[in-house]
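What follows is a short report on a single structure.
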Amino acid sequence: MHKETELKLRASRETLAALREHPLLKKRNKSGWQTRELLNQYFDTPDRDLAAARVALRLRRDGEVIIQTLKCRGQSVAGLSERNEHEWHLDKVKLDLKKLDDTCWPEQLAGLDKKTIKPLFTTDFTREFAEIAWGRGKAKVVIEAALDQGFVIAGKRKEEICELELELREGAPEALLELAAELAASLPLMPCDISKAERGYRLLEPESYELSLPNTELEAETSVDDAFAALAWQLLGSSQRLAEQYRHSGHWRLLQDWVQCLAELRALVSTLGQAAPRATTRDLRLRLDALLEDWRPLVQAGNDDEDVRRAAPEQFADELEDTRWGQFSLETSRWLLARTWTVERAGRGERQGKAHLASWLAHLLGEEGRSLKLPLYAQRPEDLAEQLPRIEQLLAWLHHARHVLEAPQMDRLYGDLKKLHELAELPISDELLEARIEQARVIDQSRGWKHLLKV
């Protein structure tokens, strides 16, 4: 068994051609580009038990070499994945079920009748690969760069494979992101948190693709730094999966959720105060603001205009053909991995970053709630939109961490604030102003809100 650490980046055929001649790869290429044909058959039960256990079982023919591979449950965030992998060389192209014993087979599948495992789909592609190596400080980095082109085929359905895969052979995982970010500065590369196997399952059952990552488990004693890092990783990873699926299906709800992920990340970054000095968050804020400036108005317009919704997939395709989305994704991953916001902060910021989430969050929500001055906007409802950023900051934390607060009716308060946010975004009318006044009063009189204001 060995651990596989890799980064997948979706690309166009033109981009793959440009990568072959990219000066950075040319300079670090120690082997020259080599080519091989990889023919892959994936297996599962009719009930998709392996997929449910996050296991991938594959037979690969690489020239005359036949390899059976079992990829086990791992972790994958924002395109950077780590998982354990078992491999066996076989004499013939036939699955050897005896290899799947207790040394590798997941306990979750212990009762499975392995004889029900059948072929499901194929991923056949041409791989051009090279060993990319360089010195990173005193350490050596070795990465296999692979340019994959081919097709995933499931029955009568198929999807093109066109991607750059960077697999770490030696060195720190950060090196994968550094290399990818340098390449993405001039080429449109989209970190893609979906494997070739997942694409096969998606072709078989279009609704089977999991858009959401597992919820971040925050505790009252979790530090502010750890809570922010966990939520930021989750939002970034979710935005990647949403972007991939919207590119694939064009379903409007996915674009709405994609924008919501970016807006929540922007709101969380804005609340950290001295725990994240502004100089350390400047680039991230500028990148998020640029994306939101273009896409939030479009989504708001599309909610009421079918023509806008129909045109949006083509506009999103244009976004992905530019370098902006790839650069944002990769640079944000690097920023999170290095915890850049913690660098060179003052003593008070250090204390805030290490504070327990529950106590810090209670004070933050209390301060933000008092600054919102709901009674004032019950009198001047036409000006409520100016408080949208503050409402979004409250909502972002309540969405993900309200369970750590020892305060009454937090679920109800979260729902009431969401409704106020929706009213603040709508065009003004007499009826809307009355609704804003009423909703502001509902929140101001709620038990949860009163509790937070006292903290």
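Just so we're clear, the structure is a prediction, and the values are computed from it rather than from any experiment.
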Stepwise side chain to side chain contact (heavy atoms under 4.5 Å, CB included) check, Leu235 with Leu268 | CA-CA 10 Å; Leu235 290 167; Leu268 292 177; 3.7 Å; yes

Passes side chain to side chain contact (heavy atoms under 4.5 Å, CB included), Glu163 versus Lys196? Steps please.
-> CA-CA 10 Å; Glu163 65 186 25; Lys196 296 179 180 71; 2.5 Å; yes

Side chain to side chain contact (heavy atoms under 4.5 Å, CB included) assessment of Thr216 paired with Trp233 | CA-CA 9 Å; Thr216 300; Trp233 275 120; over 6 Å; no

Under the side chain to side chain contact (heavy atoms under 4.5 Å, CB included) rule, what do Leu384 and Leu420 come out as? Steps first, then yes or no, please.
-> CA-CA 9 Å; Leu384 183 62; Leu420 185 67; 3.5 Å; yes

Apply the test salt bridge (Lys or Arg N to Asp or Glu O under 4.0 Å) to residues Asp226 and Arg339: give CA-CA distance (whole Å), side-chain angles for both, the deciding distance (0.1 Å), then the verdict.
-> CA-CA 10 Å; Asp226 288 347; Arg339 293 194 167 212; 2.8 Å; yes

After noting the C-alpha distance and the side-chain angles of Glu306 and Arg310, does the key distance pass the salt bridge (Lys or Arg N to Asp or Glu O under 4.0 Å) rule?
-> CA-CA 6 Å; Glu306 188 175 346; Arg310 279 199 295 262; 3.0 Å; yes

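Exactly one of Arg202, Lys8, Arg199 qualifies for a salt bridge (charged side-chain N to carboxylate O under 4.0 Å, His left out) with Glu244. That residue is Arg202. With Leu365 as the partner, the side-chain contact (heavy atoms from CB on, under 4.5 Å) test is satisfied by one option alone out of Thr271, Leu453, Leu398, Val455: Leu398.
Atoms CD1 and CD1, on Ile132 and Ile143 in that order, are 8.5 Å from each other to the nearest 0.5 Å. The distance from the CD atom of Glu198 to the CZ atom of Arg241 is 5.0 Å, given to the nearest 0.5 Å. In this structure, the separation between CG on Leu336 and CG on Leu265 is 7.5 Å, given to the nearest 0.5 Å. With rounding to the nearest 0.5 Å, the separation of CD1 in Ile117 from CG in Asp44 is 7.5 Å. Note that CG of Leu330 is 7.5 Å distant from CG of Leu189, once rounded to the nearest 0.5 Å. In this structure, the separation between OH on Tyr414 and CG on Leu417 is 9.5 Å, given to the nearest 0.5 Å.
Remark: side-chain polar atoms of Arg48 are paired, donor with acceptor, to backbone N or O of Pro46 under 3.5 angstrom. Of the possible donor and acceptor atoms, none in the side chain of Asn84 sits under 3.5 Å from a partner among the backbone N and O of Lys71. One N or O on the side chain of Asn303 and one on the backbone of Val299 form a donor-acceptor pair closer than 3.5 Å. Listed for the Arg58 side chain is no donor-acceptor partner under 3.5 Å among the backbone atoms of Thr69. Checked by atom type and distance alone, the side chain of Thr281 pairs as donor or acceptor with a backbone atom of Arg278 at under 3.5 Å.
Side-chain atoms of Leu218 and Leu231, non-hydrogen and from C-beta on, do get closer than 4.5 Å to each other. Between Pro206 and Arg157 there is a side-chain heavy-atom pair separated by less than 4.5 Å. Between Arg380 and Glu382 there is a side-chain heavy-atom pair separated by less than 4.5 Å. His403 places none of its side-chain heavy atoms less than 4.5 Å from the side chain of Met410. Using a 4.5 Å cut-off on side-chain heavy atoms (C-beta onward), Glu344 and Pro277 make no contact. With a 4.5 Å cut-off on side-chain heavy atoms, Trp360 and Leu364 count as touching. Put simply, the side chain of Arg324 reaches to within 4.5 Å of the side chain of Leu291, judged on heavy atoms. Residues Gln315 and Trp295 are in side-chain contact: their nearest non-hydrogen atoms beyond the backbone lie under 4.5 Å apart.
A salt bridge links Arg334 with Glu331; the closest basic N to acidic carboxylate O contact falls under 4.0 Å. Under the 4.0 Å criterion applied to side-chain N and carboxylate O atoms, Arg266 and Glu293 are not assigned as salt-bridge partners. No salt bridge links Asp416 with Lys419; every basic N to acidic carboxylate O contact stays at or beyond 4.0 Å. Taking 4.0 Å as the cut-off between side-chain N and carboxylate O, Asp257 and Arg253 count as a salt-bridged pair.
Under 3.5 Å, the side chains of Glu321 and Ser12 contain no donor-acceptor pair of N or O atoms. Thr45 and Asp49 form a side-chain donor-acceptor contact under 3.5 Å, judged by distance and modelled atom types alone.
Using a 30° and 60° split on the angle between ring planes, Tyr42 and Phe121 fall in the parallel class, below 30°. Using the six-membered ring where Trp is involved, Phe228 and Trp341 have ring planes that are perpendicular, over 60° apart on the 30 and 60° scheme.
Across all their heavy atoms, Gln149 and Cys162 have their closest contact at CG-SG, 4.4 Å. Scanning all heavy atoms of the two residues, the minimum distance from Ala172 to Arg136 falls at CB-NH1, 3.9 Å. Across all non-hydrogen atoms, the minimal contact from Trp449 to Ile443 is CB-O, 3.1 Å. What you find for Ala378 and Ile437 is that their closest heavy atoms are O-CG1, 3.3 Å. In this structure, Ala227 and Thr222 approach most closely via the heavy-atom pair N-CG2, 3.7 Å. What you find for Lys158 and Phe151 is that their closest heavy atoms are CD-CD2, 4.0 Å.
The ring-ring contact (aromatic ring centres under 6.0 Å, His included) search around Phe328 returns Trp325, not counting sequence neighbours. Residues passing the side chain to side chain donor-acceptor pair (under 3.5 Å) test with Arg287, sequence neighbours excluded: none.
Pairs passing the salt bridge (Lys or Arg N to Asp or Glu O under 4.0 Å) check and including a residue from residues 425-446, sequence neighbours excluded, do not occur.
In this structure, Arg348 places its CZ atom where only 12 or fewer heavy-atom neighbours from other residues, nucleotides or ligands lie under 6.0 Å away.
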